[in-house]
Trainee: 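First, the structure itself, so that you have it in front of you.
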Amino acid sequence: AANYTGEIGHMSIDPAGEYCACGSRGCLENVASGGGMIKQAQGLLTQHPESSLHRWADRLDAGVILEQAKQGDPLASQIQESALAALGMALVNVLNLLNPEAVILGGGVLLNGSLVEELASYVTSKSLKAVSRSLTHFEVSRFDAPYAGLIGAAGLAWR
């Protein structure tokens with residue numbers, strides 16, 4: 001009705017969590033988006049003086065966090081695991097509610113193929129068996145993340 005279908009980033013996963021820009025508390029976006037991961041890292045760096053993320057404190061991005069998690073940095077790993085767990089649980093709930101044949105994910109955080117595989121494995125193992133059996137596609141959108149909104153707007157204009 002208001003053109004906000006599929007905004008799972010604003011699904012509350014922690015009612016006592018941080019406030020989101022949308023005004024709600026504990027939104028998935030606060031934990032699993034690139035911006036949310038950066039904000040978490042910045043808030044936790046003082047508690048983790050050993051973290052390699054200090055080297056990038058002024059230019060920290062989600063790619064750095066994910067790369068350092070791969071290299072074994074404990075803080076980066078904690079942030080990555082938190083993001084994947086939150087996103088995985090949100091997707092399980094969406095799948096169990098809607099039973100789609102396909103899940104197409106967008107956003108720069110998921111450009112890392114191994115994360116998508118890990119997430120798909122989690123989602124199919126935790127969702128209802130009939131739901132996971134009917135899921136035929138679980139992949140990242142082929143649209144470039146920064147241009148997805150522009151492509152959608154162009155699609156409306158072409159109508």
Trainee: If you take all heavy atoms of His54 and Leu45, which pair is closest and at what distance?
Mentor: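 For His54 and Leu45, the tightest heavy-atom pair comes out as NE2-O, 3.2 Å.
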
Trainee: Is there a donor-acceptor pair under 3.5 Å between the side chain of Ser127 and the backbone N or O of Val123?
Mentor: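 Checked: pair present.
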
Trainee: Kindly say whether Ser121 contributes a backbone atom to a donor-acceptor pair with the side chain of Ser125 at under 3.5 angstrom?
Mentor: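 Yes, Ser125 side chain to Ser121 backbone: donor-acceptor pair under 3.5 Å.
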
Trainee: Transitively linked via ILVMFWY side-chain contacts under 4.5 Å: Tyr19 with Ile13?
Mentor: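 No, it is not one cluster - the side chains of Tyr19 and Ile13 are not joined through contacts under 4.5 Å.
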
Trainee: Is a side-chain N or O of His48 found less than 3.5 angstrom from the main chain of Asp73, in a donor-acceptor match?
Mentor: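 It does not hold such a pair.
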
Trainee: Using modelled atom types and a 3.5 Å cut-off, is there a donor and acceptor pairing between side-chain atoms of Ser33 and backbone atoms of Gly36?
Mentor: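 Here the side-chain-to-backbone pair exists.
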
Trainee: Measure from the side-chain N and O atoms of Asn99 to the backbone N and O of Leu95, and report whether any donor-acceptor pair falls under 3.5 Å.
Mentor: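 Not confirmed, Asn99 side chain does not pair with Leu95 backbone.
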
Trainee: Using every non-hydrogen atom in the two residues, find where Ala41 and Leu75 come nearest and quote the distance to one decimal.
Mentor: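 In terms of heavy atoms, the two residues are closest at O-CD2, 4.4 Å.
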
Trainee: Determine whether the side chains of Glu101 and Thr136 contain a donor N or O and an acceptor N or O closer than 3.5 Å.
Mentor: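 No donor-acceptor contact under 3.5 Å links the two side chains.
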
Trainee: Taking all atoms of both residues into account, what is the closest heavy-atom pair of Val64 and Asp61, and its distance?
Mentor: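 What the structure gives for the nearest pair is N-OD1, 2.8 Å.
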
Trainee: Heavy atoms only: give me the nearest Glu67-Gln71 pair and the separation to one decimal.
Mentor: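 For Glu67 and Gln71, the tightest heavy-atom pair comes out as OE2-NE2, 2.8 Å.
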
Trainee: Test of understanding: with side-chain contact (heavy atoms from CB on, under 4.5 Å), list the residues that count as partners of Lys39, not counting sequence neighbours.
Mentor: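 Here no residue qualifies.
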
Trainee: Within the structure provided, determine whether His10 and Glu29 are in side-chain contact (heavy-atom separation under 4.5 Å).
Mentor: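 Yes; the side chains approach each other to less than 4.5 Å.
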
